[in-house]
Amino acid sequence: MKRKAASPRKTAAPFSSCFADTEVLILEDGGISPHDISPMRAGLLLKKIEQHGGTAEVIPANEVLEGRLRAREQRDSKLSRATHVVLSKSLEGKVPALVERLRREKNKDTNENGTIYAPLPLTVGRSCQVVSPDWVSDCLLHRQLVDPRPYLLSLDRAERNEGGDAYTEAATKREEAAEPTAGGTKKARLSHPSASTPTVVSPTHAAIEARLAPFSDLDPTTRDAFFAYGGPLVLSKPFSASFPKFACQRPAPAQHPNRHLTPLFEDLVEMYGLGVGDKERETAFGRVLAVLRAWPWKVRESKELKGIRHVGGSMRAVIEEILMTGRCSRLEKLREDSSHRCLLDLCRVHQVGHATARKWYEAGYRSVAQIQADLKRAEETGDGEEQAGGEVERYLGSTFCTSQRPSMEQLLGILFVDEYSVKMTRCQVAALEGIVREAALKALAARGLGAETLLLQTCGGYLRGKALNGDADVLVSCTQAQGQAGLREEIKRIMQEDMGIDLLILKEGNTMGGFASKPTHEKIASHDNMLTLIKHEGFYRRLDVISPPPDQWAFCVLGWSGSKQMEKDLRDYADEQGLHLSQQAVFRETKRLTNPKSIDGVFHSEEDVWEFLGLKYLPPRLRCA
DNA sequence: CGGCGTACG
DNA sequence: CGTA
DNA sequence: GCCG
């Protein structure tokens, strides 16, 4: 039964123009109590003001207090002057400092570091009124611009300290203009009708909007997706209490507000994993990194993260140091160690991790370049015989090859170390996908199967929307099982023989007949895959082609889409539900689930899998944890 | 204090 | 042990 | 390093 086409939205008339001609500057303070202006609340206020005909902008109060306003942020400002400034009660005591800072920022063009400040979007001391957020709520409630006087912040301290300046003169005038007996005191401290009932902006919808607000720099698609994601958010509790335990329960967009923290955590993960070789520490930092990538607003104090799973004392200490100094002494200490630097360099080679790098290091090799030099010597002193497609053999007599016995893959990794590090644009990944598609269509056509039976999806970072990718993970299958059998092998052959493509095969998996065994005694045909270097536009590109049977399609797409942390947490989460998730299927105890939906026993899409696990679906672009 | 994702080559 |  |  279809929905009425013209079903009017419940919120048919949510808009008014009560904020017309007002330009509101909201100072967000990062607090989470009902009286604070959390980023969530700030976003909500902003949205509401804009919906009702006004203009608004959110500025972090800390940045004003600390003089960290950036010229760029100011240039982007929609406001040339504010008619109202919204401050929380918790900042009331800081009003003098804020006023002072606002005036200073307004009057100077550069700070001590030479950073250029654009004029603040605030005409201090003119008609601008500093009010509590409840003014906004009450305007909304009455659908009109209410008298701001009861909501004015107390400026007595400001008056005392800053006597005679334009701001306090205006403030004084405002107070004089007010009924002399209003409240019986000049200190009209946030007293107003709804002071005892903290502004309730409760619907789930509002919560989602608010959670969305910090992501205003997201592209519209991601923004909409994030909007659609309800998430386990409870406004009545502190946000940290409703922050989900698992990465698969929270959206993590590529562009997130904590990029002042994540790059250093990425470095810590790499350093502990490859440099130090402490994989437990690596996972610990990786989990915190995932938290930061999903935290919906800019962390300003490490204590905001108190109580979040995986973020313990030493993690908060690291965060605090980065917030205070922009640096991480712990990481710097590790970087000073030259052995760590060498190990990281050696790990650039494909098929070389911490253990192999250490082995080579202990044998005296300090860099990839050094190994390349060794190989080059062998090439020059050797017979130099050219062997088509077999240049590797030329080096087999080198000191390095005889003493370290690198695998063929590693040798290729050394020779092509620069090519491996070159990333592809999305366009180039799409081109590789096109090549695989062409080969797959030919293979299917040869079996009398049409294009409509082709299943093809490029997963990995590409599917998550990454602009640059180190490889292309292309999944290929066929809705008809007989079309999938041997498909990957056929694609390889067509690419090499019919299309004349230069393919270096690094690895080929189960060319049929392999079975997954671990979680079940039931036999499940595993994926047919290959890892190759494909020459394209003059570069060798890493191309993975994976071909699962059609009934495993959804699990495979999910399993190859990442991020790594997302995959880990999906499995952890499944375990907690008494289930087992693999790239082939979901298992309960030891038996594969074949008929969970009691319809036809097939998971057709990623969505089906998420739903079965009891998870809100996260589109790939929100899996950047 | 054990465990940290998991299957595969 | 390294990779996805 | 953090959790159960």
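Proteins get letters first, then strands, A, B, ... in listed order; numbering begins at 1 in each.
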Exercise. Identify, residue by residue, the members of residues 262-289 of chain A with a heavy atom below 4.0 Å from DNA chain D, and return them in order of residue number, or none.
Key: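 Within residues 262-289 of chain A, the residues near DNA chain D are A:E280, A:R281, A:A284, A:R287.
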Quiz item: What residues in residues 335-356 of chain A put a non-hydrogen atom under 4.0 Å from any atom of DNA chain D?
Solution: none
Quiz item: Are side-chain N/O atoms of A:Y617 and A:E606 paired as donor and acceptor at under 3.5 Å?
Solution: yes
Name every donor-acceptor pair, under 3.5 Å, that has one atom in a side chain of residues 466-478 of chain A and the other anywhere in the protein, sequence neighbours excluded.
unit_1	atom_1	unit_2	atom_2	d
A:N469	OD1	A:Y462	N	3.1
A:N469	ND2	A:K466	O	3.2
A:S477	OG	A:P548	O	2.7

Quiz prompt | Rounded C1' spacing from D:dG1 to B:dA7 in Å | solution = 27 Å
Quiz item: Heavy atom of residues 558-571 of chain A under 4.0 Å from DNA chain B: which residues?
Solution: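 Residues of residues 558-571 of chain A under 4.0 Å from DNA chain B: A:K564, A:K568, A:R571.
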Exercise. Go through residues 304-323 of chain A and report each residue with a non-hydrogen atom lying under 4.0 Å from DNA chain B, sorted by number.
Key: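 Nothing qualifies; none.
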Got a sec, which residues hit side chain to side chain contact (heavy atoms under 4.5 Å, CB included) with [X], two or more places apart in sequence or on another chain?
X      : answer
A:T325 : A:E321, A:R327
A:K492 : A:R488, A:E489, A:Q496, A:L503, A:I505, A:E508, A:M530
A:K535 : A:D502, A:Y540
A:V276 : A:M271, A:Y272, A:D278, A:L334, A:H340

Quiz item: Excluding sequence neighbours, so at least two apart, what forms side chain to side chain donor-acceptor pair (under 3.5 Å) with A:Q372?
Solution: none
Self-check item: Check: A:W553 ring centroid to A:F603 ring centroid under 6.0 Å
Solution: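 Ring centres of A:F603 and A:W553 not closer than 6.0 Å.
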Quiz item: OP1 or OP2 of B:dA7 sitting under 4.0 Å from any side-chain N/O of A:H580?
Solution: yes
Self-check item: Pairs meeting criterion salt bridge (Lys or Arg N to Asp or Glu O under 4.0 Å) with involvement of residues 408-420 of chain A, two or more places apart
Solution: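 Pairs touching residues 408-420 of chain A that pass the test: A:R348-A:D418, A:E409-A:K507.
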Please report, to 0.1 Å, the donor-acceptor pairs under 3.5 Å made by any side chain of residues 359-367 of chain A, with sequence neighbours excluded.
unit_1	atom_1	unit_2	atom_2	d
A:Y365	OH	A:D374	OD2	2.8
A:R366	NH1	A:Y361	O	2.7
A:S367	OG	A:Q370	N	3.1

